[in-house]
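A short write-up of the structure that comes next.
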Amino acid sequence: MAELGLNEHHQNEVINYMRFARSKRGLRLKTVDSCFQDLKESRLVEETFTIDEVSEVLNGLQAVVHSEVESELINTAYTNVLLLRQLFAQAEKWYLKLQTDISELENRDLLEQVAEFEKAEITSSNKKPILDVTKPKLAPLNEGGTAELLNKATNALDEKSKLEKALQDLQLDQGNQKDFIKAQDLSNLENTVAALKSEFQKTLNDKTENQKSLEENLATAKHDLLRVQEQLHMAEKELEKKFQQTAAYRNMKEILTKKNDQIKDLRKRLAQYEPED
């Protein structure tokens with residue numbers, strides 16, 4: 001069967017859209033055919049017509065067919081916009097910016113390739129029994145360097161989970177443990193992200209077809225890093241608040257209060273012995 005240079009999943013999506021378009025096209029052609037049939041049955045009942053009568057009949061038919069074709073062209077354009085909207089919305093979830101080349105839409109070679117693809121698909125579908133089509137699931141990636149990079153991203157997420165557990169322990173402890181986690185575990189996560197970025201650049205040069213997948217994993221790791229940093233910042237504030245509620249803090253505050261009272265008392269006593277001006 002003719003190919004479009006896409007993977008199996010995307011090619012199936014194209015086939016589904018072409019079937020939808022073919023169905024809509026068939027319905028519209030039937031509508032145009034019915035316009036001519038209605039004209040034959042309603043107007044062509046006499047044996048002879050004058051030039052004016054023929055002109056009137058053709059003008060009426062032209063108006064009806066023009067309206068039907070225009071309606072279909074408009075509907076097709078709007079349908080394509082909705083299809084592009086779905087694709088762009090999925091891309092934006094992964095912070096990707098897709099680009100289109102309008103000039104390629106009039107490439108005769110590519111248009112003929114699509115026509116051959118549709119013809120082959122129709123022939124193939126006519127030979128196959130009709131089965132219930134379920135939405136395919138994406139197959140897991142298993143492509144050497146990309147799989148290895150995904151494993152590293154997974155490890156980064158695992159390390160993030162460990163940091164979240166460490167944050168829970170941090171809420172029960174203070175001082176050295178807080179500094180250790182911030183300096184050690186956060187540094188490890190930053191190193192992991194840096195290693196992912198370096199590996200991403202290296203793999204990108206060798207396998208450009210995996211660029212999108214690598215960008216997605218790098219963006220996810222960066223978001224995880226920012227979230228962990230924010231959690232650490234919140235944990236520091238929480239520890240500071242809890243420290244102020246400890247017995248040691250209250251005792252220290254009480255001692256300082258007493259010292260301040262003693263100093264005030266001593267100043268009053270000294271004031272009694274100072275000579276008046």
Side-chain angles (χ1 to χ4, degrees), residues 3-14 84-101 104 135-243:
E3 299 291 340
L4 294 178
L6 303 174
N7 62 33
E8 182 179 0
H9 172 78
H10 289 154
Q11 185 155 298
N12 287 334
E13 292 295 319
V14 171
L84 290 173
R85 179 177 177 271
Q86 292 183 24
L87 298 177
F88 291 155
Q90 293 180 35
E92 289 175 4
K93 290 182 180 180
W94 292 102
Y95 306 96
L96 300 176
K97 294 182 179 180
L98 303 183
Q99 293 181 339
T100 59
D101 187 353
E104 288 295 306
K135 196 167 185 178
K137 297 181 179 179
L138 291 177
L141 293 176
N142 184 18
E143 300 183 8
T146 305
E148 181 181 356
L149 187 58
L150 289 178
N151 289 334
K152 290 185 178 181
T154 302
N155 293 336
L157 295 178
D158 292 340
E159 189 167 356
K160 179 261 302 181
S161 299
K162 295 179 182 179
L163 282 177
E164 291 178 344
K165 178 62 170 61
L167 284 174
Q168 295 177 358
D169 297 336
L170 188 63
Q171 294 175 355
L172 303 177
D173 203 351
Q174 52 190 338
N176 293 334
Q177 187 178 7
K178 177 189 68 176
D179 296 336
F180 174 79
I181 290 176
K182 185 168 67 174
Q184 183 68 28
D185 291 340
L186 185 57
S187 176
N188 290 340
L189 187 55
E190 289 175 344
N191 292 337
T192 301
V193 173
L196 280 172
K197 185 175 181 180
S198 176
E199 187 70 12
F200 162 72
Q201 187 62 41
K202 178 181 178 181
T203 306
L204 181 62
N205 295 333
D206 298 334
K207 297 185 177 182
T208 56
E209 66 273 13
N210 295 323
Q211 178 180 353
K212 292 182 180 179
S213 176
L214 299 178
E215 287 177 348
E216 294 169 2
N217 292 313
L218 180 59
T220 300
K222 285 184 177 179
H223 283 301
D224 291 335
L225 174 61
L226 292 175
R227 187 157 68 94
V228 171
Q229 288 177 331
E230 179 64 21
Q231 290 174 341
L232 286 173
H233 180 67
M234 296 298 295
E236 289 179 6
K237 292 183 177 180
E238 184 68 20
L239 284 173
E240 184 69 21
K241 180 179 178 181
K242 287 188 175 181
F243 176 72

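Numbering of residues begins at 1 and proceeds along the displayed sequence.
- The distance from the CZ atom of Arg227 to the CD atom of Gln231 is 5.5 Å, given to the nearest 0.5 Å.
- Between the CD atom in Glu230 and the CG atom in Leu232 there is a gap of 9.5 Å [rounded to 0.5 Å].
- Under a cut-off of 6.0 angstrom, the local environment of CD in Glu104 is crowded, with over 12 non-hydrogen atoms contributed by other residues, nucleotides or ligands.
- In Tyr95, the OH atom is not crowded: 12 or fewer heavy atoms of neighbouring residues, nucleotides or ligands sit closer than 6.0 Å.
- Of the residues His9, Glu8, His10, the one that meets the side chain to side chain contact (heavy atoms under 4.5 Å, CB included) test with Leu6 is His10.
- Nearest heavy-atom pair across Glu216 and Leu96 is OE2-CD1, 4.0 Å.
- For Leu87 against Leu98, the heavy-atom pair with the smallest separation is O-CD1, 4.1 Å.
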